[in-house]
Participant: 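Once you've had a glance at the structure underneath, I'll fire off some questions.
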Amino acid sequence: MPTTLLLHAAPEHGERRRGELREEEHRRAAGFHSPVDRARSATAALLLRRAVVEITGFPASAARTARWCRTCGAAGDHGRPVAVGADGAVLAGVHLSASHAGAGVLVAASTVAPVGVDVEQVGGVRFAGFDEVALTPGERAALAQVPDAGRDAWRARAWTRKESLLKATGHGLAVSPARVGFEGAGLREWPAELEADLAGGATLLDVEALDAAAVPAGHVASLAVLSAAAPAVRVLAVT
């Protein structure tokens, strides 16, 4: 039965279970400069493998992930996460996404359609120039109507919706988020040359509405599924 799964954990999970990381996961975590970033990367790696186990039924020893780059067209050490078999080939029909920021680490997995997940600290969007880089003119006009106290949360929500959708399509931030516009959770602007990516539709969900415990206080998170029908999502806390 097609399944969509969302896993969440605190960054400390990866620190406590660092000994379970595989060589390539150690290398990826080591590429981050700060200890907390390394812990978040380790946690995401463990959650990705757990997601593969949960969604495929593979034994933990057989669950493997890699990265796939849409530009390169190959699995390797960069790009979006993918599930791979023992031969390194990407497993068709198993879709993964990961995000970490602040105190939040989220992983999405689906056999329904490609997925994207993004979590952001509300304070993470509080910098000069964000609106010009990240928002469409229509969104900037909408933001002007939001009371000052709610503007950072509005910006963070807009950002996570954009990035989750761009992750689901495999483009990531190779496409400017200022070319993707939302009105609430409804997509209003999308690059014309990329229309084929959304031929099957897209559903945007606020993660807090699925399970408030999945998103730490002071953060927001969004989940995108490239399906016109909203899937049932199972949320799993990993400790």
Participant: Look at the side chain of Arg157 and the backbone N and O of Ala221, then say whether any donor-acceptor pair between them is shorter than 3.5 Å.
Facilitator: yes
Participant: Pair Arg126, Asp152 - check salt bridge (Lys or Arg N to Asp or Glu O under 4.0 Å), show working.
Facilitator: CA-CA 6 Å; Arg126 193 180 299 133; Asp152 284 345; 2.4 Å; yes
Participant: Does any N or O in the side chain of Thr4 come within less than 3.5 Å of the main-chain N or O of Ser110, such that one atom is a donor and the other an acceptor?
Facilitator: no
Participant: If only atom types and distance count, is the side chain of Thr43 paired as donor or acceptor with the main-chain N or O of Pro11 below 3.5 Å?
Facilitator: yes
Participant: Can you find a pair of side-chain heavy atoms, one from Glu24 and one from Arg64, that are under 4.5 Å apart?
Facilitator: yes
Participant: Any chain of hydrophobic side-chain contacts (each under 4.5 Å) joining Val125 to Trp154?
Facilitator: yes
Participant: When you check the side-chain N and O atoms of Ser99 and Asp118, is any donor under 3.5 Å from an acceptor?
Facilitator: yes
Participant: Quick one: closest heavy-atom pair of Leu204 and Ala224, and the distance?
Facilitator: CD1-CB, 3.9 Å
Participant: If only atom types and distance count, is the side chain of Arg234 paired as donor or acceptor with the main-chain N or O of Leu6 below 3.5 Å?
Facilitator: no
Participant: So, does Arg40 use its side chain to make a donor-acceptor pair with the main chain of Gly104 at under 3.5 Å?
Facilitator: no
Participant: Quick one: closest heavy-atom pair of Val53 and Ala60, and the distance?
Facilitator: CG2-CA, 3.7 Å
Participant: In terms of hydrophobic clusters joined by side-chain contacts under 4.5 Å, are Phe182 and Leu166 together?
Facilitator: yes
Participant: Following the transitive rule for hydrophobic clusters with a side-chain heavy-atom cut-off under 4.5 Å over Ile, Leu, Val, Met, Phe, Trp and Tyr, establish whether Leu106 and Val115 coincide in one cluster.
Facilitator: yes
Participant: Can a side-chain donor-acceptor contact be found between His171 and Asp197 if the only test is distance below 3.5 angstrom?
Facilitator: yes
Participant: Any side-chain heavy atom of Leu236 within less than 4.5 Å of one from Arg50?
Facilitator: yes
Participant: Taking all non-hydrogen atoms of both residues, which atom of Val52 and which atom of Ala63 are closest, and how far apart?
Facilitator: CG1-CB, 4.0 Å
Participant: Within the side chain of Trp159, is there an N or O that forms a donor-acceptor pair under 3.5 Å with the backbone of Glu163?
Facilitator: no
Participant: Within the 4.5 Å heavy-atom criterion, are Pro114 and Leu226 side-chain neighbours or not?
Facilitator: yes
Participant: Checking Arg80 side chain against Thr169 main chain: does a donor-acceptor pair fall under 3.5 Å?
Facilitator: no
Participant: Apply side-chain contact (heavy atoms from CB on, under 4.5 Å) to the pair Asp206 and Val220, showing each step before the final yes or no.
Facilitator: CA-CA 8 Å; Asp206 296 340; Val220 298; over 6 Å; no
Participant: Determine the minimum heavy-atom distance between Ala29 and Ser41, stating which atoms define it.
Facilitator: CA-OG, 3.5 Å
Participant: When you compare the side chain of Leu91 with that of Phe58, does any pair of heavy atoms fall below 4.5 Å?
Facilitator: yes
Participant: Would you say the side-chain atoms of Arg70 pair up with the backbone N or O of Gly79, donor to acceptor, closer than 3.5 Å?
Facilitator: no
Participant: Look at the side-chain heavy atoms of Ile, Leu, Val, Met, Phe, Trp and Tyr, link any pair under 4.5 Å apart, and say whether Val105 and Leu5 land in one connected group.
Facilitator: yes
Participant: Answer yes or no: is there an ion pair linking Glu139 with Lys162, defined by an N-O contact shorter than 4.0 Å?
Facilitator: yes
Participant: Check whether any side-chain heavy atom of Val238 lies under 4.5 Å from a side-chain heavy atom of Leu47, and answer yes or no.
Facilitator: yes
Participant: Quick one: does Ser97's side chain have a donor or acceptor within less than 3.5 Å of a partner on Ala108's backbone?
Facilitator: no
Participant: How far apart are the closest heavy atoms of Arg49 and Leu21, and which atoms are they?
Facilitator: NH2-CA, 4.0 Å
Participant: Just so I know, are the side chains of His26 and Arg18 near enough to count as touching, which here means a heavy-atom distance under 4.5 Å?
Facilitator: yes
Participant: Distance-only, no hydrogens or angles: does the Arg151 side chain make a donor-acceptor pair with backbone N or O of Ala144 under 3.5 Å?
Facilitator: yes
Participant: Compare every heavy atom of Leu7 with every heavy atom of Ala51, then report the nearest pair and how far apart it is.
Facilitator: CB-CD1, 3.7 Å
Participant: Is there a chain of hydrophobic side chains (I, L, V, M, F, W, Y, each step under 4.5 Å between heavy atoms) that links Val175 to Leu198?
Facilitator: yes
